[in-house]
Amino acid sequence: MFAGAFPTVTIGGMPIAALSIGETVAMMLRAARERPRGYRPLYLTSANGEVVSRYHDDPAIATLFDQADMINADGQPLVMASRILCDQPLPERVATTDLFEPMAAAASREGLSFYFFGATEEENRKAVATVRERFPRLRIAGRSHGFLRGEELARKIEEIDALAPDILWLALGVPREQAFVVAWSSRLRNVGMIKTSGGLFNFLSGTNSRAPRWMQKVGLEWAYRTWLEPRRLFWRYLVTNPKALVHIIRRSQ
């Protein structure tokens, strides 16, 4: 499921799903209900300007994203560029932080289960506690921090597969979460789908805050994040934003 099931547009050389948040939720619900288990889980991820830049700078990262079943636009600049450069504009930004709430509400109604993997133990625990409070009917199959290695990680993979969650929310950051999917999918055949989630758990836990709505709408959330974490993000965005702009202009249709 998913192959050819939804429209895409090419932005910065990447195939981006031309779906709204509601349409994405509907696709995920349908896949969770109808796609048989016993295959690798569906692999859903997201792209923003930084990802576009790294996609073209690093062939290994490009290979990881090329294997995804769906790539959403987790960046308002991609949506804005599609309205100018593409035959079919993206309907809206589908940020994972915006997607999670309607997906959790729908999963609560449908009886679907979630597993939360990633972030630190404290961030993971707080995020899941918040989700339990906001969505008391949601089935949470389990959770784990993302700092497992070697045999400990292999045992956790076996545990997750045995729990068979419908959606595994994976928050390790780019490109660790994409590499995780490619490395472990063959051993997660009872999992319905994996949704890479970036900093989702940090927002759910309350540690990080979203940019004001007006900044999100005009594509400046990256600036807000840089203001909050200048030492970590200033040089990253200084390098990747100009490169992303060039690729978006040259490789969109």
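Of all heavy-atom pairs between Leu19 and Pro91, the closest is C-CG, 3.3 Å. Val9 approaches Ala18 most closely through the heavy-atom pair CG1-CB, 4.4 Å.
At least one donor-acceptor pair under 3.5 Å links the side chain of Thr130 to the backbone N or O of Leu204. A donor-acceptor pair under 3.5 Å is absent between the side-chain atoms of Glu50 and the main chain of Asn241, judged by distance alone. Put simply, the side chain of Ser82 gets close to the backbone of Leu90: a donor and an acceptor are under 3.5 Å apart. Checked by atom type and distance alone, the side chain of Asn124 pairs as donor or acceptor with a backbone atom of Gly118 at under 3.5 Å. Looking at Arg40, its side chain never comes within 3.5 Å of a backbone N or O of Ser186 through a donor-acceptor pair. A donor-acceptor contact shorter than 3.5 Å links the side chain of Ser205 to the backbone of Asn202. The backbone N or O of Leu112 sits nowhere less than 3.5 Å from a side-chain atom of Asp166 that would complete a donor-acceptor pair.
Remark: aromatic rings of Trp169 and Phe201 are distant, center separation not under 6.0 Å. Taking the ring centroids of Phe117 and Phe180, they lie under the 6.0 Å cut-off.
The pair Arg143-Glu121 meets the salt-bridge criterion, since a charged nitrogen lies less than 4.0 angstrom from a carboxylate oxygen. Ionic pairing of Lys156 and Glu159 is present here: one or more N-O contacts between side-chain nitrogen and carboxylate oxygen are shorter than 4.0 angstrom. A salt bridge between Asp161 and Arg189 is absent, with no side-chain N of the basic residue lying under 4.0 Å from a carboxylate O of the acidic one. Between Arg35 and Asp69, no side-chain nitrogen of the basic residue sits less than 4.0 Å from a carboxylate oxygen of the acidic one, so the salt-bridge criterion is not met.
Exactly one of Arg139, Arg33, Arg137 qualifies for a salt bridge (charged side-chain N to carboxylate O under 4.0 Å, His left out) with Glu110. That residue is Arg33.
Ser197 and Glu177 are not linked by any side-chain donor-acceptor pair at a separation below 3.5 angstrom, with hydrogens and angles left out of the test.
A 4.5 Å side-chain heavy-atom check between Tyr115 and Leu170 finds every atom pair outside the cut-off. The side-chain heavy atoms of Val191 and Met193, taken from C-beta on, include no pair separated by under 4.5 Å. With a 4.5 Å cut-off on side-chain heavy atoms, Gln67 and Val181 do not count as touching. Between Arg251 and His56 there is a side-chain heavy-atom pair separated by less than 4.5 Å.
Ring planes of Phe114 and Phe116: perpendicular class, angle over 60° (limits at 30 and 60°).
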